[in-house]
Amino acid sequence: MSTAGTIVTRFAPSPSGHLHVGGARTALFCWAYAKGRGGKFLLRIEDTDQKRSSDAASLGFLKDLKWLGIDWDEGPAFEGCGGGPNGPYFQSERVDTYNRYLTQLVDAGKAYYAFDTAEELERKRAAAKAAGVAYRYDGSESIARPKVEVERLLAEGRPAVIRFRTPVGPITIKDEILGEATLPAGEVDDFVIRKADGFPTYHFAVVIDDELMGVTHVLRAQEHFNNTAKHMVLQDALGFRRPTYGHLPLIFNPDGSKMSKRDKDKVLRKTVTERKLAEPPAGTVGAERWKAWLADKNTQLDYEEANRLATALDVPLPEINVDDFRRSGYLPEVVCNFLALNGWSPGENREKFDNAFLRGAFDLSRVVKTPAKFDRVKLLSFDCDAITSMPRERFVALARAHGEVFHPEFMRKLTPSQFEALAGASHERSKTLDDMFRGNRFLVLGDEAFAYDAKAAEKNLKTGEPSGVAHLRALRPLLAEVKAWEAGALEAAIKPYADANAGGQLGKVAQPLRVAVSGGTVSPPIFDTLAILGRESSLARIDRAVKTFG
RNA sequence: GGCCCCAUCGUCUAGCCCGGUCUAGGACACCACCCUUUCACGGUGGGGACAGGGGUUCGAAUCCCCUUGGGGUCACCA
């Protein structure tokens, strides 16, 4: 039990390998609310659904929380967080506790066993729907069943659930964000509180645990709003106190659809169909999986499969999970900042802030009631601002760390000094930590291996008077003479040439060079690009371009 | 469909609770121009919203009602 007066919030996800942005925001707000008030933030794993079997990867989202800078005072132990006196923090390990309260309710006549089969219930639901009326469970038969009969059926081993006997009457939900709402009598029926497999349902476990763990404030997604009524009647029946509730607005895709991992499959399917790919790209997805995936729109690739396929296809995947944003090169502090802005704002036209500010300023009265559409373009802009305004050394360090995790083969092909030069040259044009890796593939391909973009070559090498190739021919001996192959010296060699032979328009010379050494029209500043590439590769590539397009 | 909730630029939002200071502010996006060795950055300027209809009031984005629209929820999932 926690000290009286201490604010306690909790984030209670079901086990998952990855943290969804919506969940991340909920966690962030719970964290900020408690920590900003000297309270505690705790984590609890809602793993009462055996079908969502939990394996080792099921707690993968803990690292996402850590990455965001959200740490928890109580909960599963992980990298210095967690532990605490109110555990276990896995609901699957608390079944005895739930059973104690369950028995108490049954003995008091506030809950009862029911033996309906799934088929029976389904039939009644369908009938109600056909009749155009709202389905409500009718417990009269179960309630009337004599105790001996119940015990006989139980002894027989008949599958049974326990339902809560919801008192008749309207229920008023009080919410710090949405205000008050009253559900008319009969709206909440006798819901299941223990499943046939012996596990409690979400509604029951939540109420017990929030009470036992001393949770004072429940902040969760708005989809739980109506559930609150169930939790309230349970609290009353058990004699529990009532936490303060705040239901957060949902976060959607820009088109209003729900954000789901399926969005990734959608993008990939569309690309595969458009490109008429018959076979999976090598090393991405197994042949069997590929077939099944293409045949059934409801089949989803797993996380790694989707990422490998996206990389092979060179298509960006919509970021859904926190880890997706990390992979895409977003800064954790920016993700938090932007997430907080979806559903809350500090007012006074302030938009940029860190978690320390959030924890000091966050409060429920400024949480917005309306659902938000997640604007990745604005997020990108925030990330760009954060990156370009950080010190260069910090950027280089972050980019290196990012590269080592997500682009190890790229990192292996560059020497440390080459990498540093590339990162330095990329800093001011990077919107994410990933940009420099995606945009500069040509650097790590062999001099004969990278491809020339036909359009770029046509425009910058073959046409013009003099043509780009003509400039390259003239430049080649000048470059060969450059003593120290670094950006300054290269500029000193090329600039005068442009002044004399291109009317001072450096672009007339820079673009042909760029296409010659990179294959395309986009690269870091040309002198940097040549310097990073080195003398040997630069000259070899120029020679190749002259030979190919001359 | 029943029930519940919500409604300001394309998007995120400020303003609403305590009506006048709002010819509605900011950010992202967009358009134009400028800068420029590509890309990006940056600079300057611009278009852009109180869903509709009734009330209340001297006066409404702000209060009330209706309509419309959006969302949530109606599981032995959480």
Side-chain angles (χ1 to χ4, degrees), chain A residues 12-14 46-49 51-52 91 114 116-118 121-122 125 128-129 131-137 159-163 173 175 177-179 181-184 186-189 191-197 199-203 205-206 220-227 229 247 249-250 252 254 256 338 341-352 365-366 368-382 384-385 388 426 428-431 435 439 456 460 491 494-495 498 502 505-511 513-515 518 520-527 529:
Chain A
S14 39
E46 315 238 308
D47 55 351
T48 54
D49 183 10
K51 270 165 285 181
R52 297 194 196 181
Q91 291 186 328
D116 316 81
T117 64
L121 294 175
E122 194 39 56
R125 264 194 289 267
K129 191 170 182 185
V133 283
Y135 169 79
R136 292 286 116 87
Y137 179 77
V161 301
I162 297 177
R163 286 181 182 264
I173 303 170
D175 184 285
I177 294 164
L178 297 172
T182 300
L183 305 193
E187 223 7 67
V188 178
D189 65 3
F191 54 99
V192 173
I193 53 181
R194 191 179 79 172
K195 301 182 265 186
D197 65 7
F199 279 90
T201 58
Y202 161 73
H203 304 298
V206 139
R220 67 210 331 181
Q222 237 170 61
E223 63 198 28
H224 285 297
F225 186 76
N226 286 21
N227 290 156
H247 289 90
L250 269 16
F252 292 107
F338 189 69
L341 241 26
N342 277 254
W344 179 80
S345 95
E348 295 175 342
N349 290 338
R350 173 145 193 182
E351 282 200 308
K352 303 281 179 74
S365 68
R366 294 195 69 90
V368 159
K369 299 177 180 183
T370 54
K373 290 173 185 156
F374 194 84
D375 184 359
R376 293 187 181 77
V377 180
K378 183 161 177 173
L379 201 218
L380 226 209
S381 164
F382 274 39
C384 177
D385 290 348
T388 53
S426 303
E428 62 180 6
R429 71 202 69 249
S430 282
K431 296 189 172 189
D435 284 359
N460 297 288
E491 180 166 5
I494 295 169
K495 208 61 181 287
Q505 292 179 276
L506 189 55
K508 292 272 190 235
V509 181
Q511 278 309 79
L513 273 171
R514 196 183 315 276
V515 175
S518 78
T521 55
V522 180
S523 85
I526 190 62
F527 307 121
T529 303

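We name chains A, B, ... by the order of the sequence lines, and we start the count at 1 in each one.
- A:Ala196 comes within 4.0 angstrom of a base, heavy atoms only.
- Residue contacts for A:Val368: at a heavy-atom cut-off of 4.0 Å it reaches the sugar-phosphate backbone alone, with no base atom in range.
- Comparing the same atom, C1', in B:rA61 and in B:rU8 gives a spacing of 7 Å after rounding to whole Å.
- No side-chain heavy atom of A:Asp49 sits under 4.5 Å from any side-chain heavy atom of A:Tyr202.
- B:rG1 sits 33 Å from B:rC63 when the C1' atoms are compared, rounded to a whole Å.
- For B:rC76, the OP1/OP2 oxygens have a side-chain nitrogen or oxygen of A:Arg125 closer than 4.0 Å.
- Within the 4.0 angstrom heavy-atom criterion, no nucleotide atom of any strand lies near A:Gly256.
- Positionally, the nearest nucleotide of RNA chain B for A:Ser345 lies more toward the 5' end than for the other of A:Ser345 and A:Leu121.
- A donor-acceptor contact under 3.5 Å links the side chain of A:Lys378 to the base of B:rA27.
- Using a 4.5 Å cut-off on side-chain heavy atoms (C-beta onward), A:Arg429 and A:Pro525 make contact.
- Heavy atoms of A:Leu341 sit under 4.0 angstrom from primed sugar atoms or phosphate atoms, though from no base atom.
- Nucleic acid contact class of A:Pro184 (heavy atoms, under 4.0 Å, all strands): sugar-phosphate only.
- Relative to the ring axis of A:Phe382, A:Lys352 places its NZ or CZ within 45° and under 6.0 Å from the centre.
- Taking atom P on both nucleotides, B:rC41 is separated from B:rC31 by 12 Å, rounded to a whole Å.
- If you take atom P in B:rC17 and the same atom in B:rC35, they sit 49 Å apart, rounded to whole Å.
- Across the interface with RNA chain B, nearest-nucleotide mapping of A:Lys508 and A:Gln222 shows A:Lys508 to be the residue nearer the 5′ end.
- Between A:Arg350 and B:rG25, a side-chain N or O to OP1/OP2 separation shorter than 4.0 Å is absent.
- Among the heavy atoms of the strands, none lies under 4.0 Å from A:Leu513.
- Within the nucleic acid shown, A:Ser365 has no heavy atom closer than 4.0 Å to any nucleic acid atom.
- Of all nucleotides present, only B:rC31 satisfies the Watson-Crick or G-U wobble test against B:rG45, with each distance under 3.5 Å.
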Hey, what are the protein-to-nucleotides 40-42 of chain B N/O distances that come in under 3.5 Å?
from: B:rC41; atom 1: OP1; to: A:Lys431; atom 2: NZ; distance (Å): 3.4

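- Among the heavy atoms of the strands lying under 4.0 Å from A:Val377 are primed sugar atoms or P, OP1, OP2 only; no base atom is included.
- Residues A:Arg163 and A:Arg194 are not in side-chain contact: their nearest non-hydrogen atoms beyond the backbone lie 4.5 Å or more apart.
- Within 3.5 Å, a donor on the side chain of A:Glu351 pairs with an acceptor on the base of B:rG26, or the reverse.
- At the heavy-atom level, A:Pro249 lies nowhere under 4.0 Å from the strands shown.
- Separation of the P atoms belonging to B:rU67 and B:rC4 is 13 Å when rounded to the nearest angstrom.
- The residue A:Glu223 sits close only to the backbone: its heavy atoms come under 4.0 Å of sugar-phosphate atoms, none of a base.
- Here A:Asp189 lies out of heavy-atom contact (under 4.0 Å) with every strand.
- The residue A:Phe252 sits close only to the backbone: its heavy atoms come under 4.0 Å of sugar-phosphate atoms, none of a base.
- Between A:Tyr202 atom OH and B:rC77 atom C1' there is a gap of 11 Å when expressed in whole angstrom units.
- The side chain of A:Arg194 contributes no N or O atom lying less than 4.0 Å from OP1 or OP2 of B:rC76.
- The phosphate of B:rA78 (OP1 or OP2) has a side-chain N or O of A:Lys195 nearer than 4.0 angstrom.
- Within 4.0 Å (heavy atoms only), A:Phe382 reaches sugar-phosphate atoms of the nucleic acid but no base atom.
- Here B:rC41 is in the syn range [glycosidic angle within 90° of 0].
- A:Ser381 comes within 4.0 angstrom of the backbone, heavy atoms only, and of no base.
- Within the structure, a side-chain polar atom (N or O) of A:Thr48 is placed less than 4.0 Å from OP1 or OP2 of B:rA78.
- Across B:rG72 and B:rC66, the matching C1' atoms stand 23 Å from one another, rounded to whole Å.
- For the P atoms, the distance from B:rG19 to B:rU13 is 25 Å, rounded to whole Å.
- Within the 4.0 Å cut-off from OP1 or OP2 of B:rA78, not a single side-chain nitrogen or oxygen of A:Lys51 is found.
- Rounded to a whole angstrom, the distance from the C1' atom of B:rC18 to that of B:rU62 is 11 Å.
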Polar atom pairs (N or O), protein with nucleotides 65-70 of chain B, under 3.5 Å:
none

